[in-house]
Protein chains: 2
Amino acid sequence: MVKVQQDDNTQEKILEAARAVFLEKGMDGARMQDIADRAGINKALLHYYFRNKEKLFETVFLEAASRFFPRMVNILTADTSLFEKITRFVHHYISMMAENPYIPLFVLNEVQKQPKTFLAKVFGNRRPPIEELAKQVKKEVAQGIIKPIDPRQLMINMVSLCIFPFVAKPVVQWVLKMDEKAYSAFIEARKTEVATFIIDSIRK
Amino acid sequence: MVKVQQDDNTQEKILEAARAVFLEKGMDGARMQDIADRAGINKALLHYYFRNKEKLFETVFLEAASRFFPRMVNILTADTSLFEKITRFVHHYISMMAENPYIPLFVLNEVQKQPKTFLAKVFGNRRPPIEELAKQVKKEVAQGIIKPIDPRQLMINMVSLCIFPFVAKPVVQWVLKMDEKAYSAFIEARKTEVATFIIDSIRK
DNA sequence: TTTGCATTTAACCAATTGGTTAAACTATAT
DNA sequence: ATATAGTTTAACCAATTGGTTAAATGCAAA
């Protein structure tokens with residue numbers, strides 16, 4: 001059926017446009033008219049597909065989040081060495097941010113505006129499996145494999161190094177005078193740069 | 001003259017309220033009525049003091065920025081060793097974020113929505129003096145004092161490690177199960193943790 | 001050919017919101 | 001006492017915006 005295909009096309013066009021507009025403007029700044037325009041349709045059809053702005057956003061966001069979390073949980077709970085774990089974590093985290101660059105800033109905003117509600121919606125009951133990594137760090141510190149470090153600080157460092165260049169993309173581009181291509185290359189390079197940066201820091 | 005004093009009080013009350021509301025809601029989400037309410041005045045008086053939302057925002061933000069930049073420029077252009085520079089940079093950056101925790105997320109949002117306009121307004125013509133640090137890094141790499149590293153990556157790492165824990169404060173608190181006191185202690189500890197983390201990473 | 005979904009057009013509504021205005025009141029400086 | 005600046009009240013305007021509606025069109029499946 002060609003119709004169904006058309007249907008999917010339009011829906012995907014809308015989601016793509018929504019991603020772009022939400023990225024640029026945030027939830028408050030995003031205009032339904034903008035999204036419709038960018039999707040090449042009109043407002044009526046936009047509301048025909050998604051009842052309202054909130055639903056549209058939820059669809060866009062949960063779609064990305066549902067791809068994100070399972071992979072990170074896998075990496076963190078896998079039976080691998082600490083250095084291997086850090087390397088894989090950084091690579092995958094940066095890759096996923098690069099694929100969904102609109103997410104992190106949005107999350108930070110929503111979580112700022114309504115911490116409880118939002119965190120509940122995203123994580124539900126489950127928390128990120130940080131205990132695994134913490135234990136592993138403590139163990140390797142005790143064994144003298146790595147330098148002493150607070151596992152919590154290490155974890156925040158890892159996430160900071162992965163996420164920040166995305167939420168600060170325009171500033172990074174401006175300060176370092178990068179066009180899109182240079183920025184992409186810079187991010188690509190970070191996948192290994194950040195991993196070695198972290199490992200070099202804690203290795204004895 | 002008591003009047004002038006009253007005047008200053010009201011103006012400061014408005015700016016304080018504006019800071020709070022802008023922090024919570026961002027530029028788009030912030031409502032003039034909210035600001036007036038929180039300042040304990042009415043909308044008419046708010047507009048009596050600040051012609052419009054944009055002017056108010058500008059005042060609030062530039063006031064904070066004008067305290068921030070000179071200090072960082074000083075540190076970056078000072079005639080000190082690289083490790084000293086990194087240490088001072090991290091300490092001051094984190095201190096200033098702790099004093100103005102509402103700024104970073106706000107900046108990231110505005111710069112996302114209107115990169116040119118906002119960056120021009122904040123930085124004007126001048127850019128952060130990154131060349132100094134870049135040269136210093138290249139020199140010490142060449143001299144074999146530190147490991148080879150792209151100065152740009154290093155600088156982004158420094159800033160990421162300083163800023164991110166603030167923009168992600170609610171998430172950090174939730175994931176690591178911290179109350180306000182624990183979070184403050186965590187941030188305080190970062191002033192030295194982050195500095196040694198970076199230096200340990202690049203030191204040969 | 002008829003049925004039904006996708007899509008457009010275009011007008012419209014209700015709520016929000018930034019911003020204005022004018023009149024009145026208060027307290028103080030002169 | 002009077003002028004002046006700070007402040008309130010309250011109504012109002014214009015623009016934006018999320019969302020709705022109804023009628024018409026195109027088009028593929030049956």
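The figures here come from the full heavy-atom set of this structure, side chains too, leaving out hydrogens, waters and symmetry mates.
- Taking atom CD of A:Gln11 as the reference point, atom C1' of C:dC5 lies 14 Å away to the nearest angstrom.
- To the nearest angstrom, P of D:dA10 lies 16 Å from CG of B:Leu45.
- In this structure, the CD1 atom of A:Ile35 is 12 Å from the C1' atom of D:dT17, given to the nearest Å.
- Remark: B:Arg31 is in phosphate contact with C:dG18, judged by side-chain N or O atoms under 4.0 Å from OP1 or OP2.
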Where do B:Val122 and B:Val107 land on the side-chain contact (heavy atoms from CB on, under 4.5 Å) test, with the steps shown first? CA-CA 10 Å; B:Val122 174; B:Val107 169; over 6 Å; no
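- Residue A:Phe50 contributes atom CZ, which lies 16 Å from atom P of D:dG18 at whole-angstrom precision.
- A donor and an acceptor atom, one from each side chain of A:Asn157 and A:Gln153, are nowhere located under 3.5 Å apart.
- Atom pair B:Lys25:NZ and C:dG18:P shows a separation of 13 Å (rounding to whole Å applied).
- You'll find the ring centres of B:Phe57 and B:Phe106 inside the 6.0 Å limit.
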Between the protein and nucleotides 19-25 of chain C, list the N/O to N/O atom pairs that are separated by less than 3.5 angstrom.
unit_1	atom_1	unit_2	atom_2	d
C:dG19	OP2	B:Lys53	N	2.8
C:dG19	N7	B:Lys43	NZ	3.0
C:dG19	O6	B:Lys43	NZ	2.6

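- Residues A:Tyr49 and A:Leu56 are not in side-chain contact: their nearest non-hydrogen atoms beyond the backbone lie 4.5 Å or more apart.
- Checked for salt-bridge contact, B:Arg19 and B:Glu12 meet the test: a charged N lies under 4.0 Å from a carboxylate O.
- Residues B:Phe68 and B:Tyr93 place their aromatic rings such that the two centres sit under 6.0 Å apart.
- One finds no salt bridge joining A:Lys181 and A:Asp179 here, because no Lys/Arg side-chain nitrogen approaches an Asp/Glu carboxylate oxygen to under 4.0 Å.
- Here A:Tyr48 reaches the OP1 or OP2 of C:dA6: one of its side-chain N or O atoms lies under 4.0 Å away.
- Across the protein-nucleic acid pair, B:Met27 atom CE and C:dT17 atom P stand 14 Å apart, rounded to whole Å.
- Contact between the side-chain N/O atoms of A:Thr10 and the OP1/OP2 oxygens of C:dA6 is not found at any separation under 4.0 Å.
- For the pair B:Leu46 CG and D:dT8 P, the interatomic distance rounds to 11 Å; values are reported in whole Å.
- Using a 4.0 Å heavy-atom criterion, one finds that B:Ala36 contacts no nucleic acid atom at all.
- Rounded to an integer number of Å, the gap from A:Tyr49 OH to C:dT8 P is 9 Å.
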